[in-house]
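Okay, here's the structure, questions in a sec.
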Amino acid sequence: MEGRRGTWLLLLPLAAVLGFFLLWPLALVLWESLYLDGGFSLENYLTLFVRSLYRESLATSLLLSASTALLGTAIGLPLSYFVYKSGGRTKSFLLALTAVPLTFSGLVVGFAFIVLLGTSGFLTLILRELFGINPLEFSSFLFTWRGLVIAYLYFLIPRMILTMTAAWSNANWSLAEAALSLGAGPLTVLRRVIIPMLAPAILAGSSLLFAVSMGAFGTAFALTGIAVKILPLVIYTHVSELSADIAKADALAIILTLVTTGVIVAYERFFTSPSKA
Amino acid sequence: MEGRRGTWLLLLPLAAVLGFFLLWPLALVLWESLYLDGGFSLENYLTLFVRSLYRESLATSLLLSASTALLGTAIGLPLSYFVYKSGGRTKSFLLALTAVPLTFSGLVVGFAFIVLLGTSGFLTLILRELFGINPLEFSSFLFTWRGLVIAYLYFLIPRMILTMTAAWSNANWSLAEAALSLGAGPLTVLRRVIIPMLAPAILAGSSLLFAVSMGAFGTAFALTGIAVKILPLVIYTHVSELSADIAKADALAIILTLVTTGVIVAYERFFTSPSKA
Amino acid sequence: MAGVELRSVSKRYGKFYAVRNVSLKVEKGEFVSLVGPSGCGKTTTLRLIAGFIAPDGGEVLLDDVSMASVGVRNRQVGIVFQNYALFPNLTAFENVAFGLRTRKVPEEELRSRVEELLAMVGLSGRAAAWPRELSGGQQQRVALARALAIRPKVLLLDEPLSALDAKVRNSLRFEIRRIQRESGITTIYVTHDQEEALSISDRVALMNSGEMEQIGPPGEIYLHPANRFVADFVGVNNLLEGEYLGEGRFRWREHLLSVEDVPLEAGPAALMIRPERLVLAPSEEGADNRLTGTVTGRVFLGPLLRLAVDVEGEQFLVDLLNTETAAPSLDDRVSLTFSSSDARPVGNTGKIPG
Amino acid sequence: MAGVELRSVSKRYGKFYAVRNVSLKVEKGEFVSLVGPSGCGKTTTLRLIAGFIAPDGGEVLLDDVSMASVGVRNRQVGIVFQNYALFPNLTAFENVAFGLRTRKVPEEELRSRVEELLAMVGLSGRAAAWPRELSGGQQQRVALARALAIRPKVLLLDEPLSALDAKVRNSLRFEIRRIQRESGITTIYVTHDQEEALSISDRVALMNSGEMEQIGPPGEIYLHPANRFVADFVGVNNLLEGEYLGEGRFRWREHLLSVEDVPLEAGPAALMIRPERLVLAPSEEGADNRLTGTVTGRVFLGPLLRLAVDVEGEQFLVDLLNTETAAPSLDDRVSLTFSSSDARPVGNTGKIPG
C-alpha cells in the first residue's frame, strides 16, 4: 500500500516511547530490588527464602493457584462441553451468562462470598437453623486459603468455560468419528483422539487460571484482609505499613511477576510450537 | 455420536448446581441491597444518589473508566497497527512483550508506579535534579484519579493492542485495495473502508477497557489507599470499617456490576447482531 | 446379495426432512455415487449408513443384515472424510494401523498389512511421516488406506476430493476407482460434482431435497434424464422450451421436430439435446430436424471445441472433437441436424428409480 | 497500441524472485490469461500491473505510458478479487457507484451508469441488496460491475472464480468473456486452472517459478507446448519417454515412430500425443504409427468417452466423442494410429515467448 513508509515513521517513536513506558516501571522495580546500600546484591531475594513469612507466602500462593487451576479445569472442562453441546440460542445464552462473572470486580466477588458464607452470611444462617452448625466455625473456613480457592473458582470457572467452548467449536469431530468407525471404544476415543486434540487449549486455560490466581488481590483482600499470607497481600503490607520495606516488596513483586509471566510464556511456547499435537 | 444422552444426564445436574453457584452470591447481594427493616425498599439505592459521597464516587469511576477507555483506544489502536505490520518474528516478539503486563498483579502495577513517580520515586528524583521540581507537588498528581488513569493505561493499552492485532490480522485488505483502485484517497479509504471494517473490534476493545477500569481495585488501592473515591474503594471501606454498612455496600456492588456487565452485554449484542457492518 | 440396502429410510430434524423415504440397493462390489446439490441429503444418507445418526423411519442393511441395533464401531464400515481426518499425533503408519490395533491384530500381521496398504496407495516411502508433512492428496491416500485396513463391508467416501486442487482431484479420482476395483469392496461415494460421479461410478443416485430423483448407470442418467432437474444437474445441455405433441413430435416455435417417443403427456415441455449430438451439416440441403443459425462463440475446451450457434435468438451449444478438420469460424452460417433418438422431451417432474 | 506492457519486470523478496525478467505485451481489447501453479508469480505480476507493489527492475506501461510514478488510485485499473471484496456496509448499488462517487460523477449520470452496469451483469433487480444477501456468484458479478464502472484502461481479475462452485464457475466464466468482448476492455485474467485459461482467452501466458514459460493462443499452447512443463500443465496427455532421432523420427521401445519434425536436438525426449488425436483402427491393417493394445478402462466424461488402452504395459488415453457409434468395450483388442503431425516431441526445457 502507498504511504506505508510514512506510517512507519510516525509510529516508530510512538512505539519506542510506549515500549519504554511499559517496561520501565518493571525494570525499575527489578533494579531497586537488586540495589542495596549502594551496590548490587541478591540479598533481598535471599532473605525471601530465609524468612519463613516469605517462603510461606510463596508456598501458599503457589498452592492456592495450583489448586484453583486444577479444580477450575476439572470443573470447567465438562461444563464447557455441556455449553458447546447445547447449541444455538441456548449456547449463546449460556455463554453470555458465563461471561457475566468475568466483568465483576474481584472485590465484589469477595464481598458476595462474605454475604453468602460469612459469619452472619445468608447460607451460614440457614445452615445454623437447619443443622445447628456453629457459624464461626463454618465461616472460618472461608477466611483461609482454602476458602479463597472457592471464591477464586467463582471467576475462574467461567474463564475456563469460555476458553474451552471455543476449543470445542474448533475441534475436528471427524477425528472422533473416524476412530469410532475403526472400532475404537468411547474411552479410547477420549484418550487417543479427544484429549490430544484439546490438550493445547486445556493447557492454555489452566495456565491462564494459574496466572490469574497468582496475581488476584481484590477478592483475597475483601475476604481475609491481610490474614492469609499470599504474595500480593504480603507485597501490599510492605508498601502500606509504616515500617515500609520497599526493597523486599520489590523482590516479591519481581518473583510474582516472574511466576505469572513464566507460566504464560511457557504455555505460549508450547502452544505455538510447530510440533503441537 | 453414541452415548450422547448419557453425557447429558451426567452434565445436567452439574450444570444446575454450578449455575446456581455462579448466580446465587450475586442474587443474594441484590436481595440484601433491597431488603430493609423486614421489607423491600429502594432506599439503599436512593441514598446513593442523595449522598454526595456515593454520587461523586460513581461519577469519578465513570470518568476514570471513560478516560482510560478513550485514551487506551487512541493509543492502542495505532500501536496495534504497528505490531501487526511488523510481521514475522518481530510481530511474535512484540505480541509476547505486550502480553507480559497483562499477567502482572494490579497491585504490582500500582506499586511500580509509586517506585517510578512517587514522592521519592526514581523519575521524580531525576526531575528534581534536572528541573528543580517539587517532588510533593509532582507526585501528588499520581494520587488523584488522573494519576490512576496513567497507571490503568499501563495494563489496558496492552489489552487493546492484543484485541486489535487480532482484528488487523482478520481484516480483509482486499477491501482497501479495491477502494484505492477505484480512486479513493487514503483518508476516504480510512473513513469508508477501514474504520467500518474495524468498528466492531474497536468497540469490543474499548468496552473491555471500560469494564476492567470500573472494576479494578488493586492498582488504585496500592496507589491511593482509599483516598480517591472510586466505587470499588468505597465498597471496600463500607465492608472493612468498624461502622460497616453492608446494605449500602450491597447497593454499590450491584450498581458497579450493572455498569460493567451492561457495557459488555451491550457490546456483545452489537457485535453478534446480524446487521454488523 | 446386497452390500448396502436402504429401505424407505427417512431422517427428520424438527419438521425438516433431511432424507425422505429413500430406498437404494447397492450390490456387493458395486460403486455407487450419491450426487446432488448441497443440502440434498446425500451426506445425511451416508451418515445413516455409517451409523453416526439413526433413521426416524425405515431400515439400513449391510450385507443383508439390519443395522438397527448396531453402533458405528461394530458396523465395520470404512469412512473417508473431506477433511482427511487423520490423527495428527500419529504417523501415517500408525494412522493406517489404528483400526487393526483396536482389533488387536498381532504385531507382525499388522505390520505387513499396513505396508501392503501404503504400497497400494503409493506411499510406501512415507510410513514414518506425520500428517502435517504430507500434501492434501497424500493425506487423503493415507485416509483411504486407513479405511480399507479393517477390511470393511462397505467403503463410504464423503466428498473425498473436494478439498484438493483440480489436478490432484482428477488423478486421485481414478486411483480411488482402481483401488476399489482391485479390492472389490462395495463403495458409496458422495459428491456434489456431477462430472466426478458420472466418470467413476457403476451407478449414480441423484438426490434433491432429501429425495431420490433418479438412479441408474452414468450413460442412462446422462442420456435419459428422468426430469428437468436431472437434465439440468448432469451438465451442459440445450434445453428448448416448447410443446410436446405426443408420439415423438415436438413443436419449438415454428419448427415441428421429430424427437424421441417418450411416455410424457402432451403439453408444455422442454426438449433436451446434448451438445455432442448436434451435427453440423452443409447449409443448403433440406431435411427433417434442421435448424439454421450463426456461429457466435468458439471455445477451446482441451479435447473439445465448443461452438455457440445462434438460432432465431436461442443459443445452441455444439461440441466437436478438437481435431484439425475444418471447423466453422465465428459468424459462419451453419445448419444443425440431429436424429430423433438424440432429442429427448423432459417434463418438470417424474422419477425413474433404478 | 499496447493496453498493457511489461518490460523485463522483476520483483524480489529478499533473495527470492517472485517475478523474474517478465516481458508481456497485451494489445488493446485483448483477453490474456496468466496461468501457472501456485507460487509461480502470476498474482505478483497482476499486483505489479495494478500498482499495489513496485517492480525492482523493469517497467510497467498502461496504454503506452510508463506507470513508474503513478499510484494505484491514478492508474485507472479495475480489479476483481477472488474473495469478491465488496464493501459490506454498502448496497450492491453503492458498491458499483463507489468509484463514480470518488470521481464526483453527477448523481443522475451515476444512477443511469450503475443501473446499466447492474443490468449488464444480470442483477438489475438486486440494486438494494447487501453483499451478505447475495450468493457468491452474484457478489462476484457486482464486483465485476464495480470494476467496470470507472471505465478502466485495463481489467485485472485475480482468480475471480476460485471461490465459487463448479456450476457457477462454468457459467460465470463465459459471462465474463461476453462482457469483456462487449465492452472491448483490455483484460488480464489470473487463474491456476488451465482449462479455464484455455477456454476463454485470446492468449495464454504460462508462468513457472516467476518466469514466462510460453505465451500464445490456446490452440498453440495446447497443441505445441514449448517444453515438458507446459505439456504437463495444460492437461491430459500421453507422454512417451523415448529418444528423438531427429528429422521427425522417434524411438519408443521397439517402435520407430514418425512424428512432427521439431527443432529439438536428437537424444532422450518425451513424445506428446493428445488423447483426442489417437484414432481407433481395425486391428488387422498394417501401417505406420500403429500400436496395438487392450482396453483396460472406459470412463464417461459427459460429451467425451475416455478409454484407457494398455500398450505393452504403458497406458494410453484415447478420447472419443460420446455418440452412439460402437465404441470398444473393456478387454477389447484395439489398434491406435496417429498422424505424424499430431505427435510432438518435447524436451525438458525451451521457451517460446509470444
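To find a chain, count down the sequence lines: A is the first, B the second, and so on, and within it residues start at 1.
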Rounded to the nearest 0.5 Å, how far does CD of C:Q315 lie from CZ of D:F174?
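D:F174 CZ to C:Q315 CD: 10.0 Å, rounded to 0.5 Å.
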So for C:L198, is it side chain, backbone, both, or neither that comes closer than 4.5 Å to the heavy atoms of chain D?
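For C:L198, heavy atoms of backbone and side chain both lie under 4.5 Å from chain D.
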Do D:R277 and C:P303 have side chains that get closer than 4.5 Å, going by heavy atoms?
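The answer is no, as the side chains (C-beta and beyond) never meet within the 4.5 Å cut-off.
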To the nearest 0.5 Å, how far apart are CD in C:E196 and CG in D:L301?
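That separation rounds to 11.5 Å.
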Shortest non-hydrogen contact from C:S199 toward D:V299
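Answer, listing the atom of C:S199 first, then D:V299: O-CG1, 3.2 Å.
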Taking all non-hydrogen atoms of both residues, which atom of D:D319 and which atom of C:L321 are closest, and how far apart?
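Heavy atoms of D:D319 and C:L321 come nearest at O-CD2, 3.9 Å.
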Distance (rounded to the nearest 0.5 Å) between C:F300 CZ and D:I221 CD1
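Separation between the atoms: 10.0 Å.
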Using 0.5 Å steps for rounding, measure from the CG atom of D:L320 to the CD atom of C:E276.
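Interatomic distance, D:L320 CG to C:E276 CD, rounded to 0.5 Å: 12.0 Å.
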Can you tell me how far the CZ atom of D:R181 sits from the OG1 atom of C:T296, to the nearest 0.5 Å?
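It is 9.0 Å, given to the nearest 0.5 Å.
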